[in-house]
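Comments concern the structure below.
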Amino acid sequence: MRMSTVFLRTLRDDPADAEVESHKLLVRAGFIRKVASGIYSWLPLGNRVLRRVEQIVRSEMDGAGAQEVILPIVQPLELWERSGRDKAYGPFLFRLQDRKEAAFCLSPTAEEVITTMVAAEYSSYRDLPVNLYQVNWKYRDELRPRFGLLRGREFLMKDAYSFDLDVEGLRVNYAAMYDAYARVFTRCGLTFRAVEGEAGEIGGDINHEFMAVAAVGEDDFVWCQSCEYAANVEVARRKSGVSAAHDSAAIDVPAIEKVHTPGLSGIAGVADFLDVAQSDLLKCIAFDVDGDLGLALVPGDREVNEVALAQALAPRLIRLFTDDDFAARPDLAKGYIGPHYSGATVVVADPSVAAPRAWITGANEIDHHSRGVVLGRDFNVVTWADLVTIVSGDPCPECDGTLSVDRGIEVGQVFQLGTKYSTALGAFYTDENGDQHPMVMGCYGIGISRVVAAVVEEHHDDRGISWPASVAPFDAHLVVLPGKADGADEVKRIADELYEGLKRAGVEVLYDDRDASPGVKFADADLLGMPVQLTIGAKGLARGVVEVKVRVGGDRSDLPISDDLVPILVEKLRVSASENGEVVW
RNA sequence: CGGGAUGUGGCGCAGUUUGGUUAGCGCGCAGCGUUCGGGACGCUGAGGCCCCGGGUUCAAAUCCCGGCAUCCCGACCA
């Protein structure tokens, strides 16, 4: 495509409202423009990238046996009331009404619609399994859209839904999707990890999140340096080194001693003040457990994992104490809570709290802490459960290795849903014996617009974007530098010829034929980020060559101008683009 | 939902404290000329409901009130 005709304006300055590199660069390079908070227009270059990611996803989905459909974005709210998800989503659901004041919403996912559709069409065991997917815009009225495309209110997502006879069938579909996802993200050039995830709003059982490793990610995930164990930090476990059954009342410790700790409600302050390690303190966090007061106990240097606590106390519902809760229970001193508080009916502790030792804890009295607090003598634990949030250095639960924690962008997720939606929305089939069973479902999402941002986060430098060849808007960027000397027309003629030749050969070329200075053209080429740059100018022509620069790393080389130039370039471009989009010239 | 900040040509900003000519600067855009291998230069020019609505005043981008929008932080570790 001739750049003189492309709808494009690049910017020298970073947009004032952008925080992260992907947002800044995609706006500066003219790929996207903001229309409202968390809502973007995709300009021609951005659209090309989006479509290429989409095609990669599509090819892997088709390859895994899924069939593409298109489901409505505007959906009757009634469907969501039937599944109960209108309440689960709450204000995150974009709602609207038609002229008759019937209630609708903009689809954040499509379990309801697809399950209803499959239920209407299929009712026999002979029909299953089936796996349907769509690529469509999704809507979530985020509390706080941010980071450009990374957390938008409108985003492009591929969502697939599988329907099986039984759990064994689901496992097969799930494994196929899992493998397809790994191929998708590899082809997009992302460094990623599949980790065990939390179920979230959708509900369900086994699931994995695909995390693109990135410092700007919003999710922490844990992975083992020695084995395959990897999990979202919310559900990550560690090897328990201490037996929970230990009775440490026997150790020889003097009775509790109260110490004055004025104004020191935090662990760090108390540890400093008393000149002890934070791990010498026992942290007591107050929770509401279905109306009862619960205390969660972990060593002072660790944090309570609320998801783990919720699991330990399920089916009872937990909620971290709010200021209102504290106000309603004035004798519970926020900042000075101890495990021996008499009103605590549910005391849950991490196994590490069972170590035979004395703790420093809150004294259940403002401005006071207690020394020499001993398990079994001064306080008791009702429930033992792994409660601490995993940090780097913790032992792997699966092997003898050590865990690390990294940040990631969640670019995909696969769920084994089970029968939650099929039961609620009536997706049943009749088996050989005439008995009815709910279909067993899985659902599988990929954030396509988010992948675009994740790719930029991983593939950029201080000059701009450097797209993996697999998702770049064009295969090559051809720069012509005619100058004003006598040979200008000849330079232009040869560049035009190369452009036309490559185009005929099926290469997508962005041809900078603009009447701009060399500096502008080179700067834009680096900013826009095509994987290979070709330059034709008087200088190279004098040596009879076209100059080649690989965007990643900036390696330069020459190719002689000859009748074979086009086929040679085509071959080079084809061979250089490896499976993960990396260019090796 | 709390706290903070911002809103001025397409983009990035100054001007607002202390009201007062014709609202500036850089980039970008148009024309002319010079330049032409890493964001060139000169001259000329176009382009602004100063977020919106009220109010105060002889006079409002500037002060007051009320909205809206955008961004950041927080909404948890006692």
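Keep in mind it's a predicted model, so treat the numbers as computed, not measured. Only this structure's heavy atoms are used, side chains among them; waters, hydrogens and symmetry mates stay out. Numbers restart at 1 for each chain; the letters A, B, ... are given by sequence-line order, proteins then strands.
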So what does A/R28 touch, heavy atoms closer than 4.0 Å: a base, only the sugar-phosphate, or nothing? base
May I ask you to decide if the ring planes of A/H23 and A/Y40 are parallel, tilted or perpendicular, using 30° and 60° as cut-offs? perpendicular
Quick check for you: among B/G12, B/U70, B/C77, whose closest atom lies nearest to any side-chain atom of A/A16? B/G12
Checking contacts here: which listed nucleotide (B/C36, B/G39, B/C72) is nearest the side-chain heavy atoms of A/K484? B/C36
Tell me, please, which residues at least two apart from A/Y511 pass ring pair (Phe, Tyr, Trp, His ring centres under 6.0 Å). A/Y499
Kindly assign one of parallel, tilted or perpendicular to the pair A/F326 and A/F321, based on the angle between their ring planes and the thresholds 30° and 60°. perpendicular
So what does A/D524 hit on the nucleic acid, given a heavy-atom distance under 4.0 Å: a base, only sugar-phosphate, or nothing? base
Mind checking A/A286 for me? I need base, sugar-phosphate or nothing, with any heavy atom below 4.0 Å counting as a touch. base
RNA chain B contacts made by residues 267-279 of chain A, counting heavy atoms under 4.0 Å: A/I267
Phosphate OP1/OP2 of B/C71 contacted by A/S37 side-chain N/O (<4.0 Å): yes
Could a donor-acceptor pair under 3.5 angstrom be found where the side chain of A/D526 meets the base of B/G38? yes
Taking only residues two or more places apart in sequence, or in another chain, which ones meet A/W359 in a ring pair (Phe, Tyr, Trp, His ring centres under 6.0 Å)? none
So what does A/G537 touch, heavy atoms closer than 4.0 Å: a base, only the sugar-phosphate, or nothing? base
Once you apply a heavy-atom cut-off of 4.0 Å, does A/R319 come out as touching a base, just sugar-phosphate, or nothing? nothing
Name the closest nucleotide to the A/F522 side chain, picking from B/G37, B/C77, B/G39. B/G37
Whether A/R153 engages the ring of A/F94 as a cation-pi pair (distance to the six-membered ring centre under 6.0 angstrom, angle to the ring normal within 45°) should be assessed. no
Regarding A/Y336, tell me which of base, sugar-phosphate or nothing describes its non-hydrogen contacts under 4.0 Å with the strands shown. sugar-phosphate
Determine whether any donor atom in the side chain of A/R556 lies under 3.5 Å from an acceptor atom in the base of B/G37, or the reverse, and answer yes or no. no
Taking every heavy atom of A/V550 against every heavy atom of A/V583, the minimum-distance pair comes out as CG1-CG1, 3.9 Å
Which comes earlier along RNA chain B counting from the 5' end, the contact point of A/P482 or that of A/N305, where each point is its nearest nucleotide? A/P482
Which part of the nucleic acid does A/R302 contact within heavy-atom distance under 4.0 Å: base, sugar-phosphate only, or nothing? nothing
What nucleic acid atoms does A/A538 come within less than 4.0 Å of, heavy atoms only: base, sugar-phosphate, or nothing? base
Side-chain touch A/V347/A/N380, heavy atoms, less than 4.5 angstrom: no
Where the side chain of A/P518 is defined as all heavy atoms beyond and including C-beta, which of B/U70, B/C36, B/C76 is the nearest nucleotide? B/C36
Find the distance A/I39:CD1 to B/C71:P and express it as a whole number of Å. 11 Å
Categorize A/G300 for me: base, sugar-phosphate, or nothing, with a 4.0 angstrom heavy-atom threshold over every strand shown. nothing
Pairs flagged by salt bridge (Lys or Arg N to Asp or Glu O under 4.0 Å) wherever residues 328-355 of chain A is involved - sequence neighbours left out: A/R238-A/D350, A/D323-A/K334
d(A/D292 CG, A/R316 CZ) to nearest 0.5 Å is 4.5 Å
Strictly under 4.0 angstrom, non-hydrogen atoms only: write out the protein contact profile of nucleotides 1-10 of chain B, one letter per nucleotide from the 5' end, B, S or -. ----------
Between B/G38 atom P and A/E547 atom CD, what is the distance in whole Å? 12 Å
Watson-Crick or G-U wobble partner of B/U17, both distances under 3.5 Å: none
Strictly below 4.0 Å: does A/S517 bring a side-chain N or O up to OP1 or OP2 of B/G39? no
Once each nucleotide of nucleotides 27-34 of chain B is scored for protein heavy atoms under 4.0 Å, what B/S/- sequence comes out, 5' to 3'? SSS-----
Ignoring the backbone of A/K549, work out which of B/G38, B/C76, B/U70 is nearest its side chain. B/G38
Name the pairing partner of B/G45, where a pair is Watson-Crick or G-U wobble with both distances under 3.5 Å, or state none. B/C29
Between A/G393 and A/T402, the two heavy atoms sitting closest are CA-CG2, 3.5 Å
Which part of the nucleic acid, if any, lies within contact of A/R151, taking any heavy atom under 4.0 Å across all strands shown: a base, the sugar-phosphate backbone alone, or nothing? nothing
Just to be sure I understand the rule, does A/K521 reach a base, reach only the sugar-phosphate, or reach nothing, if contact means heavy atoms closer than 4.0 Å? nothing
